[in-house]
Amino acid sequence: MSSLNLDDFTDLIERPDGGVRRDAEARRERLAVPPGSLGRLDDLGEWLAAAQSAVPVRPIERPRVVLFAGDHGIAGLDVSARAAGSAVELVREVLDGGRPVSVLARRLAVPVRVVDMALDCDPESLPEDVVRHRVRRGSGRIDIEDALSAEEAEAAFRAGMAVADEEADSGTDLVVLGDVSVGGTTAAGVLVAALCGTDASVVTGRGGLAIDDLAWMRKCAAIRDALRRARPVLGDQLRLLATVGGADLTAMTGFLLQAAVRKLPVVLDGVVTAACALVAQRVAFRAPDWWVAAHASGEPGQAKALDRMALEPLLPQGVTVGEGAGALLALPLVQAAAALAAELPERPGGGAEAADVKDVKDAADAE
């Protein structure tokens, strides 16, 4: 019998420190730049302060990109512009420095970690540190069969938790989370539609390479058929992931929850990370307080999931390539928010003057 009880996360996950956030807000009112003049950067700085339990907020010095990789059997229905089983090619390009995330990561001096959970390739063809958490070779075709067995789902979930612990223990202070998959957006669409109680057509997007109309219709039908299999298991999130998720999405959900336990803030990328976050929210309602949505990709499933979690994207970039590239674009914004919150000087005699400024601002807002 499994010893994994997802209900434990409800007790283990605390909200970011509310008292520290109030202290950060009070400090913000004393700064030389008027409150509100930095827009969402103020909110970001206060969120980070609460996550770190530190005022002033500490700079983000050790961010890391973490990408969970896998192939999905549903890609065999030609629902993706990429060939089924070809995610390993993307992984190799990431490792060789030729993908958008690789270019951005080099520019920002951020290390990239790839975690193979279910690539459809010989594990010996990739480095040991990439494949050591692998659960299986490819995930099942979710319109007619489960993505994973119950044992594989638990192993994948625990692997995601282990990766979160490894990152927290190594000193990572912010994770940029993404996926490298073929067929992953189809599985993500099923999860979002199931958890939001909507139809397949509402969540079906065009994917990273903008599939044509015929492929979109095939994808919509695949999500519809998988959705029928998902609805009966909605009350059991681990079983839901085993039924229509996949090893990479299951691991990502475990990662998000354990990162919240470890008080490690996470920047979410596109529709796949949003779908996993939505499952994690069902497990522990406080978990989304540890995440920030990087960008609006334009994928309808992502918009639906973020709206359900009340997460507003930082950037309207429309980046659908996945692999954490859109989320990495938001990293300088988060780092800027931390720097401004920590380094802007306080106004001389800031207490009284800041109170006056706040009174004026409140009066203006009231009008």
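The figures here come from the full heavy-atom set of this structure, side chains too, leaving out hydrogens, waters and symmetry mates.
- The side-chain contact (heavy atoms from CB on, under 4.5 Å) test with M117 is passed by exactly one of H133, M252, R136: H133.
- Counting only distance, with no hydrogens or angles, the side chain of S86 and the backbone of R82 share no donor-acceptor pair below 3.5 Å.
- Residues Q258 and V163 form no side-chain contact, since every pair of their non-hydrogen atoms from C-beta on lies 4.5 Å or further apart.
- At distances below 3.5 Å, at least one donor-acceptor pair connects side-chain atoms of E152 with backbone N or O atoms of S149.
- Across all non-hydrogen atoms, the minimal contact from A187 to V244 is CB-O, 3.6 Å.
- Across A69 and V91, no two heavy atoms sit closer than the pair CB-CG2, 3.8 Å.
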Given side chain to side chain donor-acceptor pair (under 3.5 Å), test R92 with S125 step by step and report yes or no. CA-CA 10 Å; R92 290 196 182 104; S125 66; 3.3 Å; yes
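- A donor-acceptor pair is defined here as one N or O able to donate and one able to accept, closer than 3.5 Å; no such pair exists between the side chain of E323 and the backbone of S102.
- A donor-acceptor distance shorter than 3.5 angstrom exists from the side chain of Q52 to the backbone of R58, with no hydrogens or angles considered.
- Separating the CZ atom in R99 from the CD atom in E89 is a distance of 10.5 Å, to the nearest 0.5 Å.
- Between M217 atom CE and R224 atom CZ the span is 12.0 Å, to the nearest 0.5 Å.
- V292 pairs in a side-chain contact (heavy atoms from CB on, under 4.5 Å) with only one of the listed residues (L44, D43, L268, L311), which is L44.
- At a threshold of 4.5 Å between side-chain heavy atoms, the hydrophobic network of Ile, Leu, Val, Met, Phe, Trp and Tyr places L340 and V55 in two separate groups.
- Side chains of L67 and V115 form no contact here, defined as non-hydrogen atoms less than 4.5 Å apart.
- With respect to the salt-bridge test (charged N to carboxylate O, under 4.0 angstrom), the residues D225 and R141 do not qualify.
- Contact between L241 and A147 at its shortest, heavy atoms only, is O-CB, 4.4 Å.
- Expressed to the nearest 0.5 Å, how far NZ of K263 lies from CH2 of W290 amounts to 5.5 Å.
- Look at R132 and E166 and you find a salt bridge, because one of the NZ, NE, NH1 or NH2 atoms lies within 4.0 Å of a carboxylate O, short of that distance.
- For the pair D146 and R229, the minimum side-chain heavy-atom distance is below 4.5 Å.
- Distance alone, capped at 3.5 Å, is enough to place a donor-acceptor pair between the D236 side chain and the L238 backbone.
- Atom CZ of R218 sits in a crowded spot, with more than 12 heavy atoms from other residues, nucleotides or ligands closer than 6.0 Å.
- A distance-only check finds no donor-acceptor pair linking the side chain of T172 to the backbone of A168 [under 3.5 Å].
- With values rounded to the nearest 0.5 angstrom, L306 atom CG is found 11.0 Å from W291 atom CH2.
- Looking at N5, its side chain does come within 3.5 Å of a backbone N or O of D7 through a donor-acceptor pair.
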Using the side-chain contact (heavy atoms from CB on, under 4.5 Å) rule, take V79 and I211 through it: C-alpha gap first, then chi angles, then the decisive distance, then the call. CA-CA 8 Å; V79 297; I211 54 176; 5.9 Å; no
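- Salt-bridge check for D169 with R262: passed, with a basic side-chain N closer than 4.0 Å to an acidic carboxylate O.
- The backbone N or O of I13 lies less than 3.5 Å from a partner atom in the side chain of R286, making a donor-acceptor pair.
- Using a distance-only test at 3.5 Å, with no hydrogens or angles considered, a donor-acceptor pair links the side chain of D269 to the main chain of G324.
- Criterion: ILVMFWY side-chain heavy atoms under 4.5 Å apart, direct or through other members. Under it, L148 and F157 are not part of a common hydrophobic cluster.
- The nearest pair of heavy atoms linking L333 to L41 is O-CD2, 3.6 Å.
- Classification of E46 and R28 as a salt-bridged pair fails, no side-chain N sitting under 4.0 Å from a carboxylate O.
- Grouping the Ile, Leu, Val, Met, Phe, Trp and Tyr side chains by contacts below 4.5 angstrom, directly or via other members, places L278 with L234.
- Contact check for S297 versus V319: no side-chain heavy atoms found under the 4.5 Å cut-off.
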Give the C-alpha distance, both sets of side-chain angles, the deciding distance and a yes or no for side chain to side chain donor-acceptor pair (under 3.5 Å) between T185 and K219. CA-CA 10 Å; T185 63; K219 184 174 182 178; 2.8 Å; yes
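- The closest side-chain heavy-atom distance from L264 to E167 is below 4.5 Å.
- By the 4.0 Å N-to-carboxylate-O rule, D173 lies too far from R62 to be salt-bridged with it.
- The neighbour count for R22 CZ, taken as heavy atoms of other residues, nucleotides or ligands under 6.0 Å away, does not exceed 12.
- A salt bridge does not link D71 with R137: every distance from a Lys NZ or Arg NE/NH1/NH2 to an Asp or Glu carboxylate oxygen is 4.0 Å or more.
- Atom CG of D17 is separated from atom CG of D23 by 8.0 Å, given to the nearest 0.5 angstrom.
- Residues L191 and F285 do not share a hydrophobic cluster, clusters being chains of Ile/Leu/Val/Met/Phe/Trp/Tyr side chains in contact below 4.5 Å.
- Contact detail for A24 and A49: the closest heavy-atom pair is CB-CB, 3.8 Å.
- Residues H72 and S80 are not in side-chain contact: their nearest non-hydrogen atoms beyond the backbone lie 4.5 Å or more apart.
- The backbone N or O of A247 lies less than 3.5 Å from a partner atom in the side chain of S139, making a donor-acceptor pair.
- Note: the hydrophobic cluster containing I144 does not contain L240 (ILVMFWY, side chain heavy atoms under 4.5 Å, direct or indirect links).
- L104 pairs in a side-chain contact (heavy atoms from CB on, under 4.5 Å) with only one of the listed residues (L331, L328, V65, V110), which is L328.
- When only modelled atom types and interatomic distance are considered, S181 and D179 share a side-chain donor-acceptor pair under 3.5 Å.
- The shortest distance between side-chain heavy atoms of L314 and V334 falls below 4.5 Å.
- Expressed to the nearest 0.5 Å, how far CG of L344 lies from CZ of R27 amounts to 8.0 Å.
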